[in-house]
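See below for the structure under consideration.
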2 protein chains.
Amino acid sequence: MVAQRPYSDLIDRLKAAGLRPTRQRLALARLLFENGDRHLTAEQLHGEAMAARVPVSLATVYNALHQFTSTGLLREVIVEPGRSYFDTNVTDHYHFFHEDSGQLEDIAGEDVRLSALPLPPKGKRIRRVDVIIRVNCGD
Amino acid sequence: MVAQRPYSDLIDRLKAAGLRPTRQRLALARLLFENGDRHLTAEQLHGEAMAARVPVSLATVYNALHQFTSTGLLREVIVEPGRSYFDTNVTDHYHFFHEDSGQLEDIAGEDVRLSALPLPPKGKRIRRVDVIIRVNCGD
DNA sequence: GTGATTGCAAATCTTTTGCACTAAA
DNA sequence: TTTAGTGCAAAAGATTTGCAATCAC
């Protein structure tokens, strides 16, 4: 059982990322980072904020998600057209995507071995390698 | 130099997929399949159709792309939020995604070795494994 | 003919934007 | 203060839908 922590951790994390720890960002950061590894859409996070009686506008949720992503606090995962998921696990890892339910599930980086990767095209640098294993319940 | 073929190939392909070879579908199939491996968005294909003086509505392009995809003539590739690419190469292979230009590039299946894959969750079947190598021109 | 297909315009959905207001430093 | 951040409502895109007109068989 981990004791309920003061928000100073998160405040420091936001500051370290160069983001002012505003009430909204702090509340969203709590929802995101105090509940283990999560995969959320903007809508879902906004819904959770509303449920937690944290008044935040959807626009602010989008802003925060993108700011968190570009400062490395989150990672964006794209598996469906027209919807982005944000992953609180920013370590090297891959995903199962459950097509039936729309759920994402982490796969530890060491559970996938990419033993041969092609060289990047000339002048290009590999930014990231995404591996998405799409699964469903038979046909 | 490959001789210009009659459309009977494509007509047969459409019929085999259970799709009536209508003027529109045939024209789109020609644009898609008579130009090598391609990665196109609906907008792009629609633009090509217009340029080729083939009057097709955007809605019909979307219909055709989805019908082609669900019958295995095309494969949908999702790399950017809010835009779908359709790949005429339906063999096993992976992709480079050029973040700077938005271009997709095929990687032959044998150029990536996935030597260890996790078991799918209970009751689930692996539908497909997507590997996307995101590259850009450094910073 | 008859059912599949098309085209158009409107609707939907997610995400972005502009700008006045508010709050953090 | 001063500048970053927020909220709202409107705008922007991509995609979808409903339905009458049209086409393939």
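FYI, side chains are in, hydrogens and waters are out, and symmetry mates aren't considered; it's all heavy atoms of this structure. A quick note: this is a predicted structure, and the numbers were derived from the prediction, not measured. Letters A, B, ... mirror the listed sequences (proteins, then strands); counts begin at 1.
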Distance below 4.0 Å between B/R83 side-chain N/O and D/dA14 OP1 or OP2: yes
Distance, rounded to the nearest Å, where A/M50 contributes CE and D/dG7 contributes P: 10 Å
To the nearest 0.5 Å, tell me how far B/R128 CZ sits from A/F97 CZ. 11.5 Å
Look at the side-chain N and O atoms of A/R25 and state whether any lies under 4.0 Å from the OP1 or OP2 oxygen of D/dT6. yes
Does B/R13 make a cation-pi contact with B/F33 (under 6.0 Å, within 45 degrees of the axis)? yes
Roughly, in whole Å, what's the span from CD in B/Q67 to P in D/dT16? 12 Å
Whole angstrom is fine here: how far is it from CG in A/L26 over to P in C/dA24? 11 Å
Atom NE2 of B/H46 to atom P of D/dG13: distance rounded to whole Å? 17 Å
When you compare the side chains of A/Y85 and A/E80, does any donor N or O come within less than 3.5 Å of an acceptor on the partner? yes
note: B/N63, atom CG; C/dT5, atom P; distance rounded to Å ~ 10 Å
Using a 4.0 Å heavy-atom cut-off, does A/P55 contact any base of the nucleic acid, only the sugar-phosphate backbone, or nothing at all? sugar-phosphate
From CD1 of B/I11 over to P of D/dA24, roughly how many Å is that when rounded to an integer? 11 Å
Here's a test of your reading of the structure: between A/E43 and B/T22, which maps to the more 5' nucleotide of DNA chain C? B/T22
Please report the interatomic distance CG(B/L40) to OG(B/S84), rounded to the nearest 0.5 Å. 12.5 Å
Distance below 4.0 Å between B/Y62 side-chain N/O and D/dT16 OP1 or OP2: no
Phosphate-side-chain proximity, A/Q24 and D/dG7, N/O vs OP1/OP2 below 4.0 Å: yes
Check: B/H39/B/N89 side-chain N/O donor and acceptor closer than 3.5 Å: no
Rounded to whole angstrom units, what separation is found between the CG atom of A/L65 and the C1' atom of C/dT14? 13 Å
side-chain N/O A/T60 vs D/dG7 OP1/OP2, d < 4.0 Å: yes
Between A/H66 and C/dT16, is there a side-chain N or O to OP1/OP2 distance below 4.0 Å? yes
Between C1' on D/dG13 and CD on B/E80, what's the gap in Å once rounded to a whole number? 13 Å
Taking the nucleotide of DNA chain D with the nearest heavy atom to each, does B/K15 or B/L58 sit closer to the 5' end? B/L58
Output the single nucleotide from D/dC8, D/dT3, C/dT15 whose closest atom is nearest the side chain of A/A59. D/dC8
For B/P21 and for B/T41, locate the closest nucleotide of DNA chain D by heavy-atom distance; then report the residue assigned to the nucleotide nearer the 5' terminus. B/T41
